[in-house]
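Report on the structure given below.
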Amino acid sequence: MFTWEFATDPYPVYGWLREHSPVHRTKLPSGVEAWLVTRYADAKQALADQRLSKNPAHHDESAHAKGKTGIPGERKADLMTHLLNIDPPDHTRLRRLVSKAFTPRTVAEFAPRVQELTDALIDRFAERGEADLIHEFAFPLPIYAICDLLGVPREDQDDFRDWAGMMIRHGGGPRGGVARSVKKMRGYLLELIHRKRENPGDDLISGLIRASDHGEHLTENEAAAMAFILLFAGFETTVNLIGNGVYALLRNPEQRERLQASLAAGESDLLDTGVEELLRYDGPVEMATWRFATRPLSIGGQDIAAGDPVLVVLAAADRDPERFRDPDTLDLGRRDNQHLGYGHGIHYCLGAPLARLEARAALATLLRRLPDLRLGADPADLRWRGGLIMRGLRTLPVEFTPAVTDGTSKL
């Protein structure tokens, strides 16, 4: 496990684990030992089990090892107090403060801006006849969208794009680059919070400040950590959802043609079920974020000691033949599809409605504007980013018939 070959196609290994060692203890590349949960039923149970804490303080390892179980640099940058690292009641309080920004209704109001960004990004490469869909499309789209939602001024958003690009390299950049980017992002967010306090707007950071000023007891560090994790979690999952999704469609031409025909007929139902199937088939989050046993418990008949880390392998659970019929087959019309792609329980992904909106806009617009989109490289030459939690391609070269643009779309 955890080799480049494994990253290219982990599903056969996950299939073996589901059958022979469904709750499996392994040593991760960082040196930390953890339990991997691979069956759907066990995974769903673990995701909702309150005996599994999100707080790294429950990790029964040295402080040095604890630093290997989260986002690189977040501990040194004092950004630990966010939704992925806390339990109720603090988790309940902080989630309530931001949940209104991600309701289906609120997100639907953001749809015109997402469509505007989608068209503007495609305009930048449509006339060339080739592109790298990760760096030129799947990556910038959610960055600009979440920056708009947070209230980051347009003139500062390219800085965020640079920092975010370093954060998702997962070892592909200069040593210490991720931690430095996290530190720079924290400094900027604290400065932006001060500016928003003086001159608030109709954005998420201003909303967090107003909540803090009206007795919700949100500290400055909590506000910065919240903005940080919303940015980090709000873009990387969507980068991978779009990238993995387009790649899956290009590798399954009959499903891609099925979706194009549906879109040409003015239908949206297959697009909706198709995004859910892409989340299940090769989703953006390979393993749910870290959990730590607060006391001894059993998962799938396996005893877990207090303090042990547990990683729920969403990619394995979502291909469990005990739950999904023909799980290794991509079926955009799949109806019985209660996948775990965005988690389960109180830590279910807060930004899922926004990610789905962005994915629908991205896929529909690409297939409409670039109908003969095709891979521009041998699949064997593509590389997946290293990392434990997320699953996504480093690059996705594509080719297509050049399309004329009117040049009016703007970011």
Side-chain angles (χ1 to χ4, degrees), residues 5-15 118 122 130-134 137-138 141 237-265 267-286 314-321 323-342 355-356 358-385 390-401:
E5 293 81 5
F6 170 79
T8 299
D9 184 11
Y11 297 103
V13 173
Y14 289 150
T118 302
I122 293 175
E130 62 178 12
D132 176 357
L133 278 191
I134 300 299
F137 185 66
L141 174 58
T237 53
T238 309
V239 174
N240 296 344
L241 173 55
I242 295 171
N244 297 4
V246 172
Y247 182 62
L249 290 176
L250 296 180
R251 298 296 305 278
N252 293 269
E254 73 291 343
Q255 292 295 310
R256 174 257 192 87
E257 292 166 7
R258 181 184 178 192
L259 179 56
Q260 283 180 303
S262 174
L263 293 170
E267 301 166 352
S268 63
D269 187 60
L270 190 63
L271 178 64
D272 293 340
T273 58
V275 168
E276 299 309 306
E277 175 68 346
L278 293 169
L279 280 163
R280 182 202 69 82
Y281 179 76
D282 198 9
V285 185
E286 189 163 349
L314 306 179
D318 280 343
R319 295 238 190 155
D320 188 343
R323 176 59 186 83
F324 300 100
R325 182 179 179 181
D326 298 325
D328 295 323
T329 299
L330 181 69
D331 177 7
L332 298 184
R334 191 184 295 268
R335 293 288 180 180
D336 181 17
N337 197 3
Q338 294 181 6
H339 62 76
L340 302 176
Y342 278 130
R356 288 182 167 105
E358 292 169 343
R360 287 195 296 267
L363 295 175
T365 309
L366 279 172
L367 294 178
R368 173 176 56 83
R369 294 189 55 182
L370 308 174
D372 63 345
L373 191 71
R374 57 194 179 273
L375 277 175
D378 188 322
D381 294 332
L382 297 180
R383 292 293 177 264
W384 297 77
R385 288 195 300 272
M390 300 293 182
R391 173 165 171 78
L393 287 162
R394 288 181 177 272
T395 62
L396 182 55
V398 294
E399 298 172 348
F400 46 86
T401 300

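For clarity, every value in this text was computed on a predicted model and none was experimentally measured.
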Can any side-chain N or O of E286 pair as donor or acceptor with the backbone N or O of A315 at less than 3.5 Å?
no
Can the ring centres of F6 and Y14 be said to be less than 6.0 Å apart?
yes
For residues 358-365, please give each side-chain donor-acceptor pair under 3.5 Å, one per line with the distance, not counting sequence neighbours.
residue, atom, partner, partner atom, Å
E358, OE1, T238, OG1, 3.3
T365, OG1, Q115, NE2, 3.1
T365, OG1, A361, O, 2.6

If we check side chain to side chain contact (heavy atoms under 4.5 Å, CB included) with Y281, which of these qualifies: N252, N244, L332?
N252
Less than 6.0 angstrom from the centroid, inside 45 degrees of the normal: does R374 satisfy that with respect to the ring of F400?
no
Give a yes or no on whether the backbone of P284 and the side-chain of R391 come within a donor-acceptor separation of less than 3.5 Å.
no
Would you indicate whether Q338, at its atom CD, is surrounded by more than 12 heavy atoms from other residues, nucleotides or ligands within a distance under 6.0 Å?
no
Only counting residues at least two apart or in another chain, list the ones meeting ring pair (Phe, Tyr, Trp, His ring centres under 6.0 Å) with Y342.
none
Let me see the working for L375 and R251 under side-chain contact (heavy atoms from CB on, under 4.5 Å), right down to the final yes or no.
CA-CA 9 Å; L375 277 175; R251 298 296 305 278; 3.8 Å; yes
Donor-acceptor under 3.5 Å (N337 side chain, T273 main chain)
no
Test your reading of the model: is there a side-chain donor-acceptor pair from R334 to the backbone of R325, 3.5 Å cut-off?
yes
Going through the distances and angles, do F137 and L396 end up as a side-chain contact (heavy atoms from CB on, under 4.5 Å)?
CA-CA 10 Å; F137 185 66; L396 182 55; over 6 Å; no
